[in-house]
Student: 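This is the structure I want to talk about, given as structure tokens.
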Amino acid sequence: MRLEILMSAAFFFGGSCLTGYALRRFLKLKQEGFLFSIVTGAMFWWALMEVILVPMTMALASFTGFTVLYTALLLVCMAAGCFCRKEILEDIRQAAASVRAYMTLGHLMALALIFWQLYFIHHHMYLEWDDTYYVNLANEAVQSDRIYWIYPETGSIVDFDKRYVLSLWPIFYAWMSKLTGVLPTVMAHTIFPWLIIPLAGMVYELIGRRLFPGDRQLQGMFLAMAALLHLFMSGEHTAGITFLSLTPWVGKGVLAGVLIPVLFYWILCTAEKEQRGLWVMLGITCLGGCLLSSMGIMLIPLFVGTAVCLVSIHKRSPGYLLRGAAACLPCVLLGIYYIYLSH
């Protein structure tokens, strides 16, 4: 299983990194390093899946057809990233030159906490009762070659459950399972923590760099505090801050532990510099969040709208508010479509 974990991590982080470099060049975003590219690419992967998955689900398309189409598009994006050799080499040189500056005591403590988090979930796994629905949804997709035709708890062919049909996050690890040959249950419970928990750490590192520019000590302390909060600051298994340590394969947990912090990061970036590419990334992240949980369709516009409204008042910029509202448009459209499906 160690080999499968390494292969899945190499594909996910390597592929999202190449995709992020291609997207950075297209959006004319400045050099921000490997972590920025990985997070940017992962958000694009999820947004692209949402764009493809919703219409294919409604059209009763096969899971194999979805896998072929989605994989082909991602391979094109990764191939485009291979042409960004200049940016990649520049980031390698900068990382090699500043490796000592990155290894502060806070960063070392954060790494120790993250590895403990991974060790804990690998050896003391908590099985969420929702797995009978969500993980079985992924199992049914792989076994029956149908995206959402079969009710995962009973095996009967039924109409779509309107609560989940727009946010089929289990199809993401069903897709990973199809590519690697690992069973979806094993992919979710054993491999996915090694993808989602490090990704969350990368997001908090980026936030720390934005909050404390030029102070590596404070950045390391911020990252260590974020890891500490996820480990010890909640006793409720359904609390957002605990999901990352207990069930990082659950969409609500990824929404709380990864995606909303990414939204916060983009808002920090746009508040500092209103660059078109940053606004596009905010919109892409909003769309990607809709894949994770139907809760995200409502929660994301609420979070982004409140934050953007406060920043626009501080900046006295109505244009900032309008651009923030435009970034939330994918969630609004999906919310309207959900109302249409439900009535």
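Nothing fancy with the numbering, it's 1 onward along the sequence.
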Student: Hey, could you give me the CZ/CE distance between F172 and M176, rounded to the nearest 0.5 Å?
Tutor: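 Between atom CZ of F172 and atom CE of M176 there are 6.0 Å.
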
Student: How is the hydrophobic cluster of V332 composed, in terms of its other members, when Ile, Leu, Val, Met, Phe, Trp and Tyr link through side-chain heavy atoms under 4.5 Å apart, directly or indirectly?
Tutor: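 For the cluster that includes V332, the remaining residues are I336.
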
Student: Looking at every non-hydrogen atom in both residues, tell me the closest pair between L255 and S293 and how far apart they are.
Tutor: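 Shortest heavy-atom separation between L255 and S293 comes out as CD2-CB, 4.3 Å.
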
Student: Are Y164 and Y133 an aromatic pair, judged by ring center distance below 6.0 Å?
Tutor: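 Centroid distance Y133-Y164: below 6.0 Å, so yes.
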
Student: Salt bridge (charged side-chain N to carboxylate O under 4.0 Å, His left out) for E87 and R24? Distances and angles first, verdict last.
Tutor: CA-CA 10 Å; E87 293 91 335; R24 279 171 50 181; over 6 Å; no

Student: Spell out, as yes or no, whether a donor-acceptor pair under 3.5 Å connects the side chain of K315 to the backbone of A271.
Tutor: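 The answer is yes, because a donor-acceptor pair under 3.5 Å joins these two groups.
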
Student: Taking salt bridge (charged side-chain N to carboxylate O under 4.0 Å, His left out) as the test, write out the residues that go with R316, two or more places apart.
Tutor: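 Salt bridge (charged side-chain N to carboxylate O under 4.0 Å, His left out) list for R316, sorted by chain: empty.
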
Student: Of all residues at least two apart in sequence or in a different chain, which pass the side chain to side chain contact (heavy atoms under 4.5 Å, CB included) check with T40?
Tutor: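 Testing T40 for side chain to side chain contact (heavy atoms under 4.5 Å, CB included), a comparison that skips the adjacent residues, returns L23, F36, W266, M281.
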
Student: The criterion is side chain to side chain contact (heavy atoms under 4.5 Å, CB included); which residues satisfy it with S312, sequence neighbours excluded?
Tutor: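 Side chain to side chain contact (heavy atoms under 4.5 Å, CB included) list for S312, sorted by chain: Y320, L321.
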
Student: Verify, without hydrogens or angle tests, whether T270 (side chain) and I267 (backbone) share a donor-acceptor contact under 3.5 angstrom.
Tutor: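 Between the backbone of I267 and the side chain of T270 there is a qualifying donor-acceptor contact (under 3.5 Å).
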
Student: Enumerate the residue pairs fulfilling side chain to side chain donor-acceptor pair (under 3.5 Å) with a member in residues 165-176, sequence neighbours excluded, ordered by first and then second residue.
Tutor: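 Every side chain to side chain donor-acceptor pair (under 3.5 Å) pair that includes a residue of residues 165-176, provided the two are not neighbours, is T71-W175.
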
Student: So, for W45 and S16, which heavy atoms are closest and what is the spacing to 0.1 Å?
Tutor: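 In this case the closest contact between W45 and S16 is CZ2-N, 3.5 Å.
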
Student: Quick check: closest heavy atoms across T306 and L302, and the distance to 0.1 Å?
Tutor: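 Nearest heavy atoms, T306 then L302: OG1-O, 2.7 Å.
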
Student: Roughly how far apart are I197 CD1 and Q117 CD, rounded to 0.5 Å?
Tutor: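 It is 4.0 Å, given to the nearest 0.5 Å.
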
Student: Go through the side-chain N and O atoms of W149 and S144 and say whether any donor and acceptor fall under 3.5 Å apart.
Tutor: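 The criterion, which ignores hydrogens and geometry beyond distance, is not satisfied for S144 and W149.
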
Student: Please identify each residue that fulfils side chain to side chain contact (heavy atoms under 4.5 Å, CB included) with T64, with sequence neighbours left out.
Tutor: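 Applying side chain to side chain contact (heavy atoms under 4.5 Å, CB included) to T64 gives S62, V68, D145, K178.
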
Student: Are L287 and L27 linked, directly or through intermediate hydrophobic residues, by side-chain heavy-atom contacts shorter than 4.5 Å (ILVMFWY only)?
Tutor: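 Yes.
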
Student: When you measure from the side chain of E205 to the backbone of H107, do you find a donor-acceptor pair of N or O atoms at a distance under 3.5 Å?
Tutor: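 Side chain of E205 to backbone of H107: no pair is present.
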
Student: Any chance you could measure M43, atom CE, to L259, atom CG, to the nearest 0.5 Å?
Tutor: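 Reported value, rounded in 0.5 Å steps: 5.5 Å.
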
Student: At their closest point, which heavy atom of G106 faces which heavy atom of A224, and how far apart are they?
Tutor: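 In this case the closest contact between G106 and A224 is O-CB, 3.6 Å.
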
Student: To the nearest 0.5 Å, what is the distance between CH2 on W279 and CD on E274?
Tutor: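 Reported to 0.5 Å precision, the distance equals 6.0 Å.
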
Student: Once rounded to the nearest 0.5 Å, what's the spacing between atom CD1 of I207 and atom CZ of F212?
Tutor: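 Taking CD1 in I207 and CZ in F212, the distance rounds to 11.0 Å.
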
Student: Provide the closest heavy-atom pair for C286 versus C331 in the form atom of the first, atom of the second, distance.
Tutor: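 Taking every non-hydrogen atom into account, O-SG, 3.5 Å.
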
Student: Can you measure from CE (M221) to CD (Q219) and round to the nearest 0.5 angstrom?
Tutor: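 M221 atom CE to Q219 atom CD measures 12.0 Å (nearest 0.5 Å).
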
